[in-house]
Amino acid sequence: MTKRELPKKYNHLELEKKWAQNWKETDVYAYNPDVARENTFVVDTPPPTVSGSLHMGHVFSYTQTDCIVRYQRMKGKNIFYPMGWDDNGLPTERRVQNLWGVKCDPTVAYDSSWTGERKEKVVKPRDQQPIGRKNFIELCQKQTKEDEIKYENLWRNLGLSIDWNQQYETINSHSQKMSQFSFLDLVSKNKVYSTEAPTMWDVTYQTAVAQAEVEDRARTGHFYDIRFGVEDGSEFLISTTRPELLAACIAVVAHPDDERYQKFFGKKAITPLFNVEVPILAAEHADPEKGTGILMVCTFGDVHDVEWWKQSDLPLKQVLGLDGKMLPVTFGEGVFESKNSSAANAAYSKIDGLFINKAKSTMVEMLSEDGSCVLGKGAALVGEPRPTQQAVKYYEKGDRPLEFVPTRQWFIKILDHREELLAQGAKVNWTPAHMKSKFDQWVKGINQDWCISRQRYFGVPFPVWYGVDENGMPIYDKPLFADISDLPVDPMQETPKGFEEASRNQPGGFTGDPNVMDTWATSSVTPQISSHWGIDEARHKKLFPADLRPQAHEIIRTWAFYTIAKSYFHEGSVPWYNAGISGWVVTPDRSKLSKSKGNSKGSPEDLLVDFSADALRYWATKAKLGVDTIYDEGVFKVGKRLCTKLFNVSKFVMMQLEDEDTPEYSHSDISNMLDLAMIKELKELVDRSNKNFEQFDFAAVLLETESLFWNFCDHYVELVKNRSYKQKNTQGGKSALATLDICLGTFLRLFAPFISFVTEEVWSWRQDEKDSTIHKASFPNASEFKEIDLGPVSDELVIAKEVLGGIRGEKTKAQKSLKWPVKAVKVKGEAQKIEVLKKVLEDLTAAGNVSENGFSFVSEKIEGESNFELDITLSESDS
RNA sequence: GGGCUGUUAGCUCAGUUGGUAGAGCGCUACCCUUACAAGGUAGAUGUCACAAGUUCGAGUCUUGUACAGCCCACCA
């Protein structure tokens with residue numbers, strides 16, 4: 001045996017830097033396109049939003065995925081583990097606006113010499129410099145590229161075994177092509193339509209949003225009781241929270257069974273201030289218990305108004321603009337009839353052009369003025385406004401309530417396919433299983449088709465143009481779709497077939513669809529982006545469907561659902577066989593860890609320095625899939641301690657295995673009962689570990705491996721020291737050496753998916769070839785132990801541990817060091833247990849420093865849980 | 001209001017098909033022992049949220065309750 005120089009101390013910074021560099025240079029994690037599908041494990045990696053920095057929540061979930069991937073790689077699988085960057089969409093636009101002090105103005109021409117500069121502070125929207133659409137998009141790309149490099153460095157330093165050759169950005173040309181291809185495929189399958197209809201609209205960002213991006217927020221609103229006249233001269237009270245929409249009132253409704261209002265049905269009501277006649281009708285959605293039981297229908301106050309309006313023949317009275325301000329309206333013209341136009345126009349002029357909130361307060365003032373009621377008897381507003389708790393819909397990234405505004409949008413038909421999509425969800429193996437119910441519940445609750453168009457700039461354009469009629473109006477019902485061979489296409493830059501660019505926006509010419517796709521319309525095809533669907537069929541077949549989709553649970557309703565929907569529509573397939581849903585990182589008070597809330601602790605970059613990548617990996621893989629975990633630096637410390645221990649014990653074992661006087665040894669030398677007992681424990685652990693990993697339960701593997709490993713260090717290594725060190729050349733010595741070798745090699749490989757750096761370091765000590773990595777070594781398998789006869793093994797390990805613990809305890813109690821000699825140990829216990837004990841007596845005598853023939857035995861049944869009663873006598877002196 | 005999850009030692013969490021409650025951290029005392037003081041040894045600590053049921057036996061199964069977290073719905 002040759003003795004080699006081993007590093008003296010565990011230095012995580014040096015060691016991790018070395019291996020991160022090595023993995024990069026040797027490209028060990030590269031996907032091999034020549035391997036068959038069944039021997040490949042494909043991951044549909046979540047592309048993180050590129051928005052400045054990654055936080056511990058990312059570290060947590062990506063490490064869990066990496067752990068699963070590393071296991072699969074060690075099982076011999078060819079791994080496809082790509083990385084995407086979600087850099088398209090609103091978050092990037094907002095970030096660029098803030099950092100660079102600019103805003104996109106499509107009317108400004110492109111300036112190729114424009115560079116701009118990053119601002120120190122966030123620039124208020126009104127002070128932002130307007131730049132052209134192309135300049136804005138270029139700036140977005142520049143900004144995201146910078147962040148993506150930063151992200152890649154973090155992932156490499158954390159040890160994610162990503163194949164960096166398989167990188168993509170959701171805004172790049174390939175992703176645009178796939179998104180547009182997906183769109184056109186759905187067009188050809190009649191799953192897409194565009195329509196002008198009231199849709200949820202964010203007035204701040206001035207874009208449509210989809211149901212999945214909407215959240216309810218509790219808000220205190222006020223009921224205002226307003227007197228309405230009736231054509232026969234009587235009157236009634238309605239309660240409304242939205243008096244500013246009075247001018248958009250198209251009807252008044254009450255429940256058909258509500259006796260109070262039976263007498264009014266079929267008659268006309270007259271609105272205050274505007275003197276507009278509207279029908280009084282029965283509607284099922286009116287709740288007699290709420291307010292006064294009779295309410296006004298406006299275009300549009302809420303989703304009920306939209307629904308009811310659609311099935312009525314009543315006109316649409318649009319008073320709210322896309323920017324959230326009241327539109328100019330003239331009473332006496334078009335749909336805005338009035339019995340007193342001049343009074344109506346005078347009233348409306350006071351709210352014209354105001355923002356919603358201001359219009360509301362102005363309207364309330366007007367309604368409380370004397371004579372505001374059409375009946376001419378006092379004010380229309382009765383009593384004081386009554387506060388009420390309401391749940392109001394907001395865009396999840398917005399801070400003003402959503403409005404329903406009629407606009408033209410593209411939709412994907414999902415409403416008609418709920419049952420089929422539920423069935424698709426059921427074909428996926430969800431871990432943990434209960435996450436499927438989040439999917440099911442969402443699908444069952446869908447009440448709108450998927451709106452995929454956004455009125456933004458940094459996104460994938462629709463490959464669509466429209467002809468323009470002689471009046472200059474786009475002909476929306478005959479869209480001109482791009483040819484698949486021309487993708488990706490930007491209809492604002494490129495010309496459709498059969499047209500000249502000069503005829504853009506001209507009567508008789510064409511116009512481009514100015515919208516971009518929702519970011520989910522792109523990320524819902526991440527499996528296809530990676531597989532090059534439609535471009536490289538051979539590759540697609542090898543990578544689709546994927547094996548694993550890792551993701552967080554709050555985006556089951558978006559990312560998981562949309563991905564399942566698209567794969568189903570495109571190819572009738574599930575996108576992946578397994579969905580592994582990670583939990584959240586939470587603070588000790590259980591709130592979600594996030595930077596925006598200001599409760600994130602150290603940055604991942606700092607923690608890598610302070611604790612080590614392996615310590616962070618330990619923390620992340622200690623938690624099961626789906627279970628929230630507390631940000632706890634205490635756990636990082638424990639992880640780091642495990643790495644230190646592994647480093648040191650490996651060094652110690654290696655020293656004995658590779659000493660100059662170490663003899664040859666092999667599996668067949670393992671004959672000592674203690675050694676066999678240790679091997680048996682190890683074999684059972686290996687068995688369970690494989691089973692747990694197959695079910696994505698990496699946390700259980702770590703827990704059990706860690707537990708047996710500490711047992712190995714604290715008890716087994718101590719017990720066999722004498723044989724492996726001083727009696728190398730005896731049968732017992734060889735048996736111990738062979739066992740130590742097996743244990744070390746097995747523990748390293750069991751730990752490799754978790755603490756990947758330190759295991760690689762130690763593994764390199766054991767290998768003669770420089771390039772053999774532990775991460776491509778085979779994961780331990782029970783068959784490795786098949787040559788070793790474990791039949792006669794009993795509970796030697798437990799018994800040895802108990803007696804050694806007893807001896808140690810006696811010394812501790814006497815405040816003596818652990819090497820203090822022991823004169824005598826009287827053991828009382830069952831004969832059968834004593835027989836087992838006698839098999840490990842030699843090791844115990846040496847490890848406990850018990851004098852020769854110091855053990856004596858009394859065969860007798862004893863009380864209590866332990867196997868023996870020990871009567872230990874220490875020597876008087878240590879000489 | 002509907003759905004899902006959780007409640008085990010001071011803290012963070014394990015607990016496989018029901019069979020005498022487990023680990024780490026923290027705490028106390030001690031120890032330089034052939035790798036490891038960034039270490040080791042030993043010790044104390046629990047009406048398993050509550051109630052009822054099934055069972056010879058329940059942390060584990062059933063039902064109900066309370067509390068916590070998340071998702072969805074409620075928008076006049």
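Numbers restart at 1 for each chain; the letters A, B, ... are given by sequence-line order, proteins then strands. All figures in this text were calculated on a predicted structure; none of them were measured in a lab.
- The partner of C50(B) is G64(B), judged by Watson-Crick or G-U wobble contacts that both fall below 3.5 Å.
- Side-chain contact of Ser582(A) with Gln64(A): a donor-acceptor pair under 3.5 Å is absent, judged by distance alone.
- Distances from the side chain of Asp216(A) to the nucleotides C74(B), U41(B), C71(B) place C74(B) closest.
- For Trp442(A), the side-chain atoms get nearest to C72(B) when compared with the rest of C72(B), U34(B), U33(B).
- If you check the side chains of Glu633(A) and Tyr631(A), you find a donor sitting under 3.5 Å from an acceptor.
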Could you list all N or O pairs between the protein and nucleotides 5-9 of chain B that sit under 3.5 Å apart?
none

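- Distances from the side chain of Ile630(A) to the nucleotides G40(B), U33(B), U12(B) place U12(B) closest.
- A donor and an acceptor atom, one from each side chain of Glu706(A) and Tyr618(A), are located under 3.5 Å apart.
- Side-chain atoms of Lys651(A) lie closest to A35(B) of the nucleotides A35(B), U12(B), U33(B).
- With A35(B), C30(B), C13(B) as the choices, the nucleotide that has an atom nearest any side-chain atom of Gln815(A) turns out to be C30(B).
- Remark: the separation of the P atoms in C4(B) and C61(B) is 16 Å, to the nearest Å.
- G46(B) and U12(B) have their C1' atoms separated by 16 Å, given to the nearest Å.
- The aromatic ring centroids of Phe404(A) and Phe300(A) lie 6.0 Å or more from each other.
- Between the CZ atom of Arg808(A) and the C1' atom of G40(B) there is a distance of 8 Å, given to the nearest Å.
- Here the nucleotide nearest the side chain of Thr644(A), chosen from A38(B), U41(B), U12(B), is A38(B).
- For U33(B), the OP1/OP2 oxygens have a side-chain nitrogen or oxygen of Lys819(A) closer than 4.0 Å.
- Heavy atoms of Trp820(A) sit nowhere under 4.0 angstrom from any nucleic acid atom.
- Minimum atom distance to the side chain of Lys721(A) is reached by U34(B), of the listed A42(B), U34(B), C25(B).
- The separation of G59(B) from A51(B), taken at their C1' atoms, amounts to 16 Å, rounded to a whole angstrom.
- Residue Glu718(A) has its side chain nearest to A35(B) when only A35(B), C70(B), U12(B) are considered.
- Distance Glu810(A) CD to G43(B) P: 11 Å, rounded to the nearest Å.
- Asp287(A) comes within 4.0 angstrom of a nucleotide base, judged by non-hydrogen atoms across all strands.
- If you take CZ of Phe60(A) and P of U12(B), they are 15 Å apart, rounded to a whole angstrom.
- The residues Glu213(A) and Lys393(A) are annotated as not salt-bridged, no charged nitrogen and carboxylate oxygen being separated by less than 4.0 angstrom.
- When the C1' atom is used for both G15(B) and A35(B), the distance is 33 Å, rounded to whole Å.
- Comparing atom distances between the Gln211(A) side chain and each of U41(B), C70(B), A73(B) picks out A73(B) as nearest.
- Taking all atoms of both residues into account, the shortest heavy-atom contact from Gly398(A) to Asp202(A) is CA-OD2, 4.0 Å.
- A 3.5 Å limit on both hydrogen-bonding distances identifies no Watson-Crick or G-U partner for A38(B).
- Taking the nucleotide of RNA chain B with the nearest heavy atom to each of Val649(A) and Ile238(A), the more 5' of the two is matched to Val649(A).
- Counting only N and O atoms by type, the side chains of Thr220(A) and Gln389(A) include a donor and acceptor under 3.5 Å apart.
- To the nearest whole angstrom, the two C1' atoms, one in U33(B) and one in G39(B), are 11 Å apart.
- A distance of about 24 Å separates the C1' atoms of U16(B) and A49(B), rounded to the whole Å.
- Using C1' as the reference atom, C27(B) and U45(B) are 10 Å apart when rounded to the nearest Å.
- Side-chain atoms of Arg766(A) and Ser650(A) form no donor-acceptor pair, as typed in the model, at a separation below 3.5 Å.
- For the C1' atom pair drawn from C13(B) and U17(B), the interatomic distance equals 23 Å after rounding to whole Å.
- Annotation: of the two residues near RNA chain B, Val253(A) and Lys622(A), the 5′-most nearest-nucleotide partner is Lys622(A).
- For the OP1/OP2 pair of C75(B) and a distance below 4.0 Å, the side-chain nitrogens and oxygens of His304(A) include at least one atom meeting the criterion.
- Residues Asp225(A) and Arg386(A) are paired through a salt bridge, judged by an N-O separation under 4.0 Å between the basic side chain and the carboxylate.
- Pair assignment for C25(B): G10(B), on the basis of Watson-Crick or G-U wobble contacts that are both within less than 3.5 Å.
- Between Trp763(A) and Phe751(A), the distance separating the two ring centers is not shorter than 6.0 angstrom.
- In this model, the phosphate group of G15(B) is approached by a side-chain N or O of Lys624(A) to a distance below 4.0 Å at OP1 or OP2.
- The side chain of Gln441(A) lies closest to G2(B), out of C4(B), A42(B), G2(B).
- Between C25(B) and Arg641(A), a contact under 4.0 Å exists linking OP1 or OP2 to a side-chain N or O.
- Checking A73(B) for Watson-Crick or G-U wobble geometry (two distances, each under 3.5 Å) identifies no partner in any strand.
- In this entry the distance linking CZ of Phe223(A) with C1' of C74(B) reads 12 Å, nearest Å.
- Residue Lys290(A) places at least one side-chain N or O under 4.0 Å from the OP1 or OP2 atom of C75(B).
- Checked by distance alone, Lys645(A) brings a side-chain donor or acceptor within 3.5 Å of a matching partner on the base of C36(B).
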